[in-house]
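Working notes, structure below.
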Amino acid sequence: MDNVTSFTYFLLVGVSSSQELQVLQGLLFLVIYLGALTGNLITVALIVTDTRLHAPMYFFISNLSLLDLGSISVIVPKSIVNSLTGRRTISLKECAAQIFFYILFATVEFALLVVMSYDRYIAIRHPLHYGLVVTPRTCIQAMGGSWACGLVYSAIHTGSMFRLPFTKTNRIHQYFCDMPQILRLSSPDVQFSEFVIIAASVGLVVVCVVFVLMSYINIFSTVLKICSAEARSKALSTCVPQLAILLLFVISGSVAVLGPVAMEGSLKNLLTAMFYTIVPPFTNPILYSLRNREINAIYFLLVYLIFS
């Protein structure tokens, strides 16, 4: 039997081997991470402390912010430390944990966005039944179901990818354990099983996206029939941010799954990965603060109190 080397760690190969560029990348990631951390924490704090925001929609928004915090914290802090210290390795267990938690948070977030579209559909299409349909118990059940789906899906993916040893190479052309990169290093058996799982997942995602789009088409058709300009603007302000976040999530996820797998480190590869790992958690609080009147007003009040 031929000798086969089984790797116990991966080598993260970035854009450049220059230490100066690595430090610059680490500082850039640090600024973005602190911005995402601040924006999402402020959003959660405002919703929790302000009684005017104790409604199902804001309950979902606060959970969305917590999920964004989780997804960006799984990847970015490790990358910052590696860039600033010059380290490039990540153990097999750390890589598996990174993939597990990132898929978990992404799956729960997608399920939550689907739930939020249904919440807006009931609120605008059937406002008289909203209090009967969307109850606190229903919200908790929806969150519990989203987390259950995320745990099962993430466990299946991670278990499938790491059930066999890695013997090809241990070089990952990315700043984190990117799933397409891990599949590139996997055995043919693992690649086939993951292909089946991803194909089934894409089919389910397409069904969910169609459901969401149909919901928003019905929502906008109802909104356009509203005579009052103020009521129409208020209704749009609660729907547009959610739709924008959903589109950003779907587009970035499509880039991650369907995009070409990089065979070497490049600036394009770095920017593509940043688009689907860092940009959504950073921009989501901005989208909500720009379009949502209640959160926007409290943001301005907070800034005024800080700088006055």
Side-chain angles (χ1 to χ4, degrees), residues 9-16 21-41 64-110 112 150-151 153-155 157-158 161-162 166 170-185 245 248-259 261-262 265-286:
Y9 68 93
F10 294 108
L11 184 65
L12 302 175
V13 182
V15 177
S16 172
L21 291 178
Q22 290 291 324
V23 171
L24 183 62
Q25 176 183 314
L27 293 176
L28 174 63
F29 279 17
L30 179 61
V31 172
I32 295 175
Y33 179 68
L34 291 177
L37 197 69
T38 303
N40 285 289
L41 284 177
L64 186 68
S65 294
L66 292 175
L67 290 169
D68 285 334
L69 281 177
S71 64
I72 196 171
S73 297
V74 167
I75 293 175
V76 175
K78 174 70 174 178
S79 177
I80 293 172
V81 172
N82 287 350
S83 297
L84 297 180
T85 60
R87 293 183 57 190
R88 293 189 177 185
T89 60
I90 183 171
S91 69
L92 194 65
K93 291 181 179 180
E94 287 178 321
C95 185
Q98 197 174 74
I99 286 181
F100 174 82
F101 284 107
Y102 183 75
I103 295 177
L104 169 64
F105 291 129
T107 305
V108 177
E109 183 166 339
F110 178 72
L112 182 58
L151 285 169
Y153 184 68
S154 182
H157 256 306
T158 309
M161 279 189 288
F162 289 88
F166 296 87
N170 66 339
R171 294 173 65 87
I172 297 177
H173 299 288
Q174 198 52 270
Y175 59 87
F176 68 103
C177 280
D178 193 17
M179 193 172 72
Q181 289 285 331
I182 297 298
L183 288 178
R184 180 178 64 86
L185 308 180
I245 290 172
L248 179 62
F249 184 88
V250 172
I251 293 172
S252 61
S254 301
V255 170
V257 176
L258 304 177
V261 180
S266 65
L267 181 60
K268 178 183 177 182
N269 187 31
L270 173 67
L271 294 177
T272 302
M274 288 178 63
F275 176 70
Y276 62 80
T277 58
I278 297 179
V279 172
F282 180 78
T283 57
N284 285 354
I286 299 174

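Quick caveat: nothing in here was measured; it's all calculated off a predicted structure.
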| request: Could you walk me through whether His157 and Ile99 pass side chain to side chain contact (heavy atoms under 4.5 Å, CB included), step by step? | output: CA-CA 9 Å; His157 256 306; Ile99 286 181; 5.8 Å; no

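- Closest approach of Cys95 and Ile182 over heavy atoms only: SG-CD1, 3.6 Å.
- Heavy-atom contacts from other residues, nucleotides or ligands closer than 6.0 Å to OH of Tyr9 number 12 or fewer.
- Minimum heavy-atom separation, Leu11 to Thr89: CD1-CG2, 4.1 Å.
- Considering every non-hydrogen atom in both Ala273 and Thr277, the closest pair reads O-OG1, 2.6 Å.
- Using a 4.5 Å heavy-atom threshold, the side chains of Leu84 and Val23 count as touching.
- The shortest side-chain heavy-atom distance between Met161 and Leu183 falls under the 4.5 Å cut-off.
- To the nearest 0.5 Å, the span separating CE on Met179 from CZ on Arg184 amounts to 14.5 Å.
- Within the structure, the side chain to side chain donor-acceptor pair (under 3.5 Å) test picks out no pair touching residues 97-110 (sequence neighbours left out).
- When all heavy atoms are compared, the tightest approach of Val76 to Phe29 is CG1-O, 3.9 Å.
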Inset, instruction - List the steps and the verdict of side chain to side chain contact (heavy atoms under 4.5 Å, CB included) for His173 and Asp178. - result: CA-CA 9 Å; His173 299 288; Asp178 193 17; over 6 Å; no

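- Within the structure, no pair that satisfies the salt bridge (charged side-chain N to carboxylate O under 4.0 Å, His left out) test touches residues 26-36, not counting sequence neighbours.
- The structure places CG of Leu30 at 10.5 Å from CG of Leu37, a figure rounded to the nearest 0.5 Å.
- Of all the heavy atoms in Pro77 and Ser73, the pair that sits closest is CD-O, 3.2 Å.
- Atom CG of Leu104 is separated from atom CG of Leu67 by 8.0 Å, given to the nearest 0.5 angstrom.
- Phe105 contributes atom CZ, which lies 9.5 Å from atom CG of Leu66 (distance to the nearest 0.5 angstrom).
- With sequence neighbours left out, Phe176 forms a ring-ring contact (aromatic ring centres under 6.0 Å, His included) with no residue at all.
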> What's the verdict on side chain to side chain contact (heavy atoms under 4.5 Å, CB included) for Leu271 and Phe275, showing C-alpha distance, side-chain angles and the deciding distance?
Replying inline: CA-CA 6 Å; Leu271 294 177; Phe275 176 70; over 6 Å; no

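- Of all heavy-atom pairs between Ile172 and Gln181, the closest is CG2-CB, 3.7 Å.
- Rounding to the nearest 0.5 Å gives a distance of 5.0 Å between CG of Leu270 and CD of Gln25.
- With hydrogens and angles ignored, the 3.5 Å screen pairs a side-chain donor or acceptor of Thr85 with a backbone N or O of Val81.
- Ser154 places a side-chain N or O within donor-acceptor distance of the main-chain N or O of Phe100, the cut-off being under 3.5 Å.
- The backbone N or O of Ala36 lies less than 3.5 Å from a partner atom in the side chain of Asn40, making a donor-acceptor pair.
- Interatomic distance, Phe10 CZ to Ser91 OG, rounded to the nearest 0.5 Å: 9.5 Å.
- Between Phe282 and Tyr33, the ring center distance fails the sub-6.0 Å criterion.
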- Task: Check the pair Met274 / Tyr175 against side chain to side chain contact (heavy atoms under 4.5 Å, CB included), numbers first and verdict last.
- Result: CA-CA 10 Å; Met274 288 178 63; Tyr175 59 87; 3.9 Å; yes

